[in-house]
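Here's the structure, in structure tokens; my notes come after.
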Amino acid sequence: MILAVDTETTGTDFFHGCRPFMITACDGKSNYVFEGRVDPYTRDVTWEQDEVAEFIDLVKSASKIIFHNAAFDIRALASIGIPPELFWDKLEDTLLASHCVCSGDTHNLKDLGVKYFNYSDVDEVFLEEQVKDAIKEARKAGYCVAKAGHHHFPGLRKNGTMFWKMDYWLAIDACRTYAVGDVERTLLLWDAFKTSIMVDGLWNVYQTRKKLIRIVYNIQTNGKSFDKEKAARLIAKFEKEMEEHRWNIKRLAKIDYRFNPNSRQHLVDLIHNRLKIPVKFQTKGKKPVPAMDQKALKSYSEMIDAEPLVQLALYKKKQKHITDLTSYINWLDENNRTHSSLNITGTRETRQSSNSPNDQNSDKILRFLFGPPPGYVWICTDMVNIELRIWAYSVGNVELIKAFEAGKSVHEMIMEIIFPEQMDAYRLAKSKSKSQLNELDQKALKVYQRVKNGNFSRIYGATDMKTNETYHGSKSTSLPNYCAKIDARFPGIKEFTDSRRKLAEECYVRHKTYAIHTLGGYRLDVPPDEPFKACNYFVQGAAGWIMTLAMINWDASPLYRKFNCQMNSQLHDGLDTEVKIVPALPLIIEAKCRAISEAGKSLIPTCDVTWELLYNPADETNTIVQEILQQHK
DNA sequence: TGCCAGCGCGCG
DNA sequence: AAAGCGCGCGCTGGCA
């Protein structure tokens with residue numbers, strides 16, 4: 001029996017008390033509804049043992065369980081004592097399937113119902129009305145309506161959160177209808193997707209990706225520990241300094257109102273009105289307004305006595321840090337750990353995304369606040385230049401490939417072509433330590449950075465004009481044609497970019513859809529009006545696929561299991577693993593690097609992996625750790 | 001008060 | 001005649 005399952009919950013943060021209050025299921029013949037009771041004054045949910053047991057029996061009797069976003073529902077079910085192990089061996093996921101079938105279109109359950117079956121989505125509209133009405137009544141009755149600040153979702157901010165979605169329990173009858181509709185949709189969709197995936201030859205890639213569900217579930221469960229006290233001290237320090245920066249700006253520019261550096265109006269007043277700098281940058285939106293981003297502010301600060309703008313930049317940076325730190329603290333559980341979720345369908349190119357909190361965009365300056373607890377280490381691995389490597393092999397230029405295989409830097413090779421006169425200065429600068437750098441060194445390093453940016457720009461599908469600008473570091477009416485120089489030296493680059501676009505167009509002729517297959521066989525839709533993206537999708541998709549295989553390989557490694565290793569973070573080419581300090585640590589590190597490298601080498605000829613070890617200060621003198629660090633040097 | 005669009009910024 | 005790619009999230013300001 002195939003069973004679709006869905007949960008309705010009092011929120012999304014199951015680490016702070018949100019719980020499912022309704023479980024629905026559908027096997028094609030009958031619909032099932034299981035309900036717990038929400039305490040209207042606390043939002044706490046209680047379930048009768050019998051009710052849960054009945055659901056578990058139903059699950060056990062099913063040969064397949066279909067979810068739409070399995071990781072979420074399994075997490076919800078686990079929070080009321082239903083073991084995740086019930087599902088791993090027999091789950092299917094229509095969200096994942098939807099991405100396989102049609103990576104570029106909507107993946108929302110209701111939209112999919114309409115798209116594939118013309119299954120009306122009025123139940124959702126009706127429920128929204130009912131809930132919003134019920135909320136008004138509930139407020140009068142003194143019920144605990146969801147809002148920012150409730151301890152069940154400390155990480156959620158007031159802005160941008162649709163809190164009414166957490167109060168479906170207030171309109172329980174409409175919710176029941178809605179929830180049953182969802183499992184009916186899910187069951188129908190799986191049937192359609194299954195056929196489609198098989199017909200299109202995507203069954204294997206779907207099954208491979210599906211293995212990530214359990215892996216990312218475990219990553220989230222384990223989480224990462226965070227130094228709350230240190231963060232709090234940092235916040236206090238920044239707050240004090242920020243106030244000083246703000247007052248300095250006010251004083252220097254003679255501003256007599258409550259200056260808010262976040263307000264565009266205030267910044268316009270400061271820069272264009274009081275400092276009398278003409279508008280040089282506009283935003284790119286429909287209604288352009290004076291831009292106030294870093295690029296613009298930096299340029300303006302070079303035009304005048306910079307002090308007010310220097311103070312402004314300092315203020316903004318610290319403010320960003322404070323919001324980041326506050327967010328991390330809010331997401332912590334009782335053990336001071338965050339539990340970011342890693343979304344395997346987070347991007348359309350198989351890369352994953354992260355949220356609650358986003359673990360993939362934490363400022364490098366603040367990362368030291370995360371780390372292993374005493375007695376544990378993090379093995380942090382990186383795939384070296386993975387996107388550039390994929391690109392080089394795909395371009396097929398022998399010289400580029402040779403460079404990688406000899407461990408040479410492709411960025412440097414290209415720098416040699418377009419800025420040969422800078423090479424000596426660059427090599428000298430590279431050999432120095434940070435404190436020794438003089439102005440000339442800094443300049444050479446900046447040129448290198450521009451080359452790197454330009455290279456990525458090209459891979460990402462920029463026009464030659466834009467790429468030349470990036471290499472050059474600025475717009476200019478008479479730019480040297482760097483791209484042409486590079487193409488002359490490394491034939492195949494242009495051809496490769498064009499070929500990806502042509503593949504997408506050929507696919508359209510045959511299948512009425514723009515798409516390319518990336519390394520590994522996964523199919524990526526290309527926006528019909530933006531075929532130039534095909535090249536980037538190919539490269540980014542291949543990198544995402546390699547990371548997918550890497551995580552699966554590492555998870556399946558005997559040492560991973562034996563020593564209770566736990567991946568806890570993934571940053572597209574980096575993967576961190578938490579493990580107890582044991583004598584076998586060197587073997588574990590080696591096994592991890594091998595698992596990742598082999599994942600890469602199943603698609604491209606080489607895949608270098610570097611690693612470093614992160615340990616808790618308390619383990620400073622641990623002999624195992626110290627020996628490894630000594631050897632690693 | 002809630003919602004939405006636009007902007008800006010962190011990461012890869 | 002046009003465009004380097006992919007994300008999540010906080011804040012402002014306009015609108016209902």
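Labels below follow one simple rule: chain letters A, B, ... track the order of the sequence lines, proteins then strands, and each chain is numbered from 1.
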Can you list the steps and then say if E387(A) with Q540(A) is a side chain to side chain donor-acceptor pair (under 3.5 Å)? CA-CA 7 Å; E387(A) 288 198 355; Q540(A) 206 184 110; 4.8 Å; no

Give the C-alpha distance, both sets of side-chain angles, the deciding distance and a yes or no for salt bridge (charged side-chain N to carboxylate O under 4.0 Å, His left out) between D293(A) and K298(A). CA-CA 8 Å; D293(A) 56 22; K298(A) 185 167 178 285; over 6 Å; no

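Across all strands, T467(A) comes closer than 4.0 Å to no nucleic acid atom at all (heavy-atom distances). If you check every strand for non-hydrogen atoms under 4.0 Å, F163(A) touches nothing. Note on N159(A): a base of the nucleic acid sits closer than 4.0 angstrom, heavy atoms only. Heavy atoms of Q352(A) sit nowhere under 4.0 angstrom from any nucleic acid atom. In this structure, K136(A) reaches neither bases nor backbone, as no heavy-atom distance under 4.0 Å exists between it and the strands shown. Heavy atoms of S457(A) sit under 4.0 angstrom from at least one base atom. Using a 4.0 Å heavy-atom criterion, one finds that A543(A) contacts no nucleic acid atom at all. Among the protein residues, K364(A) comes within range of the sugar-phosphate backbone only, with heavy atoms under 4.0 Å from sugar or phosphate atoms but none that close to a base. The residue Q294(A) sits close only to the backbone: its heavy atoms come under 4.0 Å of sugar-phosphate atoms, none of a base. Heavy atoms of R351(A) sit under 4.0 angstrom from at least one base atom. T470(A) comes within 4.0 angstrom of no nucleic acid atom, judged by non-hydrogen atoms across all strands.
Summarising the geometry, the separation between CD on E469(A) and C1' on dG4(C) is reported as 11 Å, rounded to the nearest angstrom. Between the P atom of dA1(C) and the CG atom of D464(A) lies a distance of 19 Å, rounded to the nearest Å. Rounded to an integer number of Å, the gap from K533(A) NZ to dA2(C) C1' is 12 Å. Whole-Å rounding puts the D293(A) CG to dG10(C) C1' distance at 16 Å. Summarising the geometry, the separation between CD on E349(A) and P on dG4(C) is reported as 17 Å, rounded to the nearest angstrom. The interatomic distance linking H266(A) (NE2) with dC11(C) (C1') rounds to 13 Å, in whole Å. The distance between atom NE2 of H472(A) and atom P of dG4(C), rounded to the nearest whole Å, is 18 Å. Distance, Q319(A) CD to dG10(C) P: 12 Å, rounded to whole Å.
Phosphate proximity of dG10(C) to T323(A): absent, as no side-chain N or O sits under 4.0 Å from OP1 or OP2. At the phosphate of dC11(C), neither OP1 nor OP2 sits under 4.0 Å from any side-chain N or O atom of S263(A). Using a 4.0 Å cut-off, some side-chain N or O of N260(A) falls inside it from OP1 or OP2 of dT12(C).
For the pair T345(A) and H107(A), the minimum side-chain heavy-atom distance is 4.5 Å or more.
Ring orientation note: the planes of Y508(A) and Y514(A) are close to parallel, at an angle under 30° on the 30°/60° scale.
R337(A) forms no cation-pi arrangement with F226(A), by the criterion of a distance under 6.0 Å to the ring centre and an angle within 45° of the ring axis. A cation-pi arrangement is not found for R246(A) relative to Y315(A), the charged atom failing to lie both closer than 6.0 Å to the ring centre and inside a 45° cone about the ring normal.
No hydrogens or angles considered: a donor-acceptor pair under 3.5 Å links the side chains of T221(A) and R75(A).
When the C1' atom is used for both dA1(C) and dC9(B), the distance is 30 Å, rounded to whole Å.
The outermost nucleotides of DNA chain B lying under 4.0 Å from heavy atoms of chain A, listed 5' to 3', are dG2(B) to dG12(B).
Side-chain atoms of Y460(A) lie closest to dG4(C) of the nucleotides dC9(C), dG4(C), dG13(C).
Figure legend. dG13(C) is base-paired to dC4(B); pairs are counted as Watson-Crick or G-U wobble with both atom distances under 3.5 Å. Base pairing annotation: dG4(C) forms no Watson-Crick or G-U wobble pair, as no partner gives both donor-acceptor distances under 3.5 Å.
In this structure, the aromatic ring of F532(A) is positioned over the six-membered ring of the base of dA3(C), centres within 5.5 Å and planes within 30°.
When all heavy atoms of N222(A) and H339(A) are compared, the closest pair comes out as O-CE1, 3.7 Å.
Across Y471(A), Y448(A), Y482(A), a single residue satisfies ring-ring contact (aromatic ring centres under 6.0 Å, His included) together with F419(A), and that is Y482(A).
Base orientation of dG4(C): syn (glycosidic angle within 90° of 0).
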